[in-house]
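Following: one structure in structure tokens, then a few remarks.
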Amino acid sequence: MGKLYLVGTPIGNLGDLSPRAAQVLESVDFIAAEDTRVSLKLLNHLGIKKPMVSYFQHNIRQRGQQILDRILAGENCAIITDAGMPCISDPGEDLVALCHENQVPLEVVPGPSAAIAALAASGLPTGRFAFEGFLSVKASSRMEHLESVKNDRRTLIFYEAPHKLRATLEDMARVFGAERRITLARELTKVHEEILRTTLGEACDLYPQREPKGEFGLVVEGPPRPESSLVTKEQAAEMIVQLNGCGVSLSDAAKQVAADTGYKKGELYRMALALQGGEG
């Protein structure tokens, strides 16, 4: 039996490809690529010649089985996407699931991720975040998606194409509020990289004046914290004890409740510890 390698590739700057990734691409028997024409440019840059098979959203079932059969027969395969980590907002996730179901060994060769790069550069909270991928082109589905996450306290990461950016920003401002902060990360690692931190309202005003160009990562802050006075410190400590009783570690429970109430984690932790000692 062979092995499947998940190989991260550059999101723009070819210099970001790791030596290990290049070594794996050189060593495997064949490469599964989202778009073989795009991937060929990378392989030509590296001077690597390998058989490639296309693997994209509309052929995942048939082609996935074909790739699996070759791996089961002893060949090693590397799966790559057009840019970044395969399987993240990418059909490669189906192939990985198929390999797990058939006990095929996998190895991850980490590489660049547009979502994580945008988050790191956003200047917004990074402790808790959610990757939401691309929004639907259908207006009603897009609004439904945004409504479902508008009260999510985590920092939200979206991908967006330039021709849809204006409509997406307007919908976000309508659902999240014009004052919600957003960082727009455009063309990351490329020549025209741009990182703009602003509000949704200001972003809507900006792009009718400028034609959006390039792929965007949109990093949106969560809603404001509720007033801590709605929950007393004593009640917050009791919430921690309750979570701890449900199997959450005391430290993780304190972190979660502190994030939800605005109180300091250390203080809540000590109060919860005292409550447990009192109960014991």
Side-chain angles (χ1 to χ4, degrees), residues 11 33-35 38 54-64 79 81-98 113-119 121-122 124-126 128-188 194-224 226:
I11 59 176
E34 181 183 9
D35 188 328
V38 173
S54 62
Y55 182 77
F56 52 92
Q57 189 62 43
H58 299 294
N59 73 353
I60 55 176
R61 294 201 173 185
Q62 177 185 8
R63 193 56 54 83
I79 181 170
T81 187
D82 286 355
M85 279 301 297
C87 312
I88 307 300
S89 194
D90 173 78
E93 64 180 321
D94 291 270
L95 180 59
V96 171
L98 189 61
S113 166
I116 298 303
L119 175 65
S122 70
L124 296 173
T126 62
R128 298 179 65 199
F129 62 89
F131 175 63
E132 297 294 328
F134 285 97
L135 291 166
S136 173
V137 296
K138 187 177 178 182
S140 59
S141 297
R142 186 166 64 247
M143 292 297 285
E144 182 180 354
H145 187 160
L146 293 175
E147 286 285 352
S148 72
V149 297
K150 73 175 181 179
N151 294 319
D152 193 325
R153 301 283 295 284
R154 297 171 294 183
T155 298
L156 304 176
I157 308 169
F158 299 86
Y159 286 160
E160 195 51 278
H163 66 280
K164 290 168 51 189
L165 181 67
R166 288 169 174 159
T168 293
L169 290 174
E170 290 171 1
D171 287 345
M172 285 182 170
R174 189 175 300 116
V175 175
F176 297 155
E179 297 305 313
R180 186 85 71 94
R181 290 186 300 176
I182 180 174
T183 295
L184 300 97
R186 182 176 74 89
E187 295 288 89
L188 289 173
E194 180 181 35
I195 299 170
L196 174 65
R197 181 177 168 182
T198 182
T199 65
L200 283 168
E202 291 173 348
C204 289
D205 292 338
L206 174 64
Y207 282 99
Q209 303 169 28
R210 295 169 53 185
E211 185 67 29
K213 295 181 179 180
E215 298 298 319
F216 284 80
L218 307 178
V219 187
V220 185
E221 73 171 343

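Residue numbers run from 1 in the order of the sequence given.
Using a 4.5 Å cut-off on side-chain heavy atoms (C-beta onward), Thr155 and Thr126 make no contact. In this structure, Phe158 and Leu146 have side chains that are in contact, with non-hydrogen atoms separated by less than 4.5 Å. Looking at Tyr55 and Asp94, their side chains come closer than 4.5 Å, going by heavy atoms from C-beta outward. You'll find the side chain of Cys204 reaches within 4.5 Å of the side chain of Glu170, heavy atoms only. Looking at Phe176 and Val149, their side chains come closer than 4.5 Å, going by heavy atoms from C-beta outward. Side-chain atoms of Thr198 and Leu206, non-hydrogen and from C-beta on, never get closer than 4.5 Å to each other.
Between Leu119 and Pro125, the shortest heavy-atom contact is CD1-O, 4.1 Å. Shortest non-hydrogen contact noted between Asp152 and Pro223 is O-CD, 2.9 Å. Taking each heavy atom of Ala83 and Ile11 in turn, the nearest pair found is CB-CA, 3.8 Å. Here the closest heavy-atom approach between residue Phe216 and residue Pro212 is recorded as CE1-CB, 4.1 Å.
The backbone N or O of Val220 lies less than 3.5 Å from no partner atom in the side chain of Arg180, so there is not a single donor-acceptor pair. Tyr159 places no side-chain N or O within 3.5 Å of a backbone atom of Ser89 that could act as its donor or acceptor partner. In terms of modelled atom types and a separation under 3.5 Å, the side chain of Glu221 and the main chain of Arg181 share a donor-acceptor contact. Between the Thr81 side chain and the Glu34 main chain, no donor and acceptor come within less than 3.5 Å of each other.
Distance OG/Ser113 to CZ/Phe131: 7.0 Å, rounded to 0.5 Å. Taken from CD1 in Ile182 to CG in Leu200, the straight-line distance is 5.0 Å, to the nearest 0.5 Å. With values rounded to the nearest 0.5 angstrom, Ile116 atom CD1 is found 5.5 Å from Ile157 atom CD1. Distance check, rounded to the nearest 0.5 Å: CG of Asp90 to CE of Met85 gives 9.5 Å.
The only option from Leu165, Thr183, Leu156 that meets the side-chain contact (heavy atoms from CB on, under 4.5 Å) definition with Leu218 turns out to be Leu165.
Each salt bridge (charged side-chain N to carboxylate O under 4.0 Å, His left out) pair with one or both residues in residues 194-205, not counting sequence neighbours, appears once here: Arg186-Glu194, Glu194-Arg210.
In this view, Glu187 and Lys190, Glu215 satisfy the side-chain contact (heavy atoms from CB on, under 4.5 Å) rule, not counting sequence neighbours.
Other residues, nucleotides and ligands contribute at most 12 non-hydrogen atoms within 6.0 Å of the CD atom of Glu144.
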List, one per line, each side-chain donor-acceptor pair under 3.5 Å for residues 133-143, sequence neighbours excluded.
| unit_1 | atom_1 | unit_2 | atom_2 | d |
| --- | --- | --- | --- | --- |
| Ser136 | OG | Lys138 | N | 3.0 |
| Arg142 | NE | Asp171 | OD2 | 2.7 |
| Arg142 | NH1 | Ser136 | O | 3.2 |
| Arg142 | NH1 | Val137 | O | 3.4 |
| Arg142 | NH2 | Asp171 | OD2 | 3.0 |

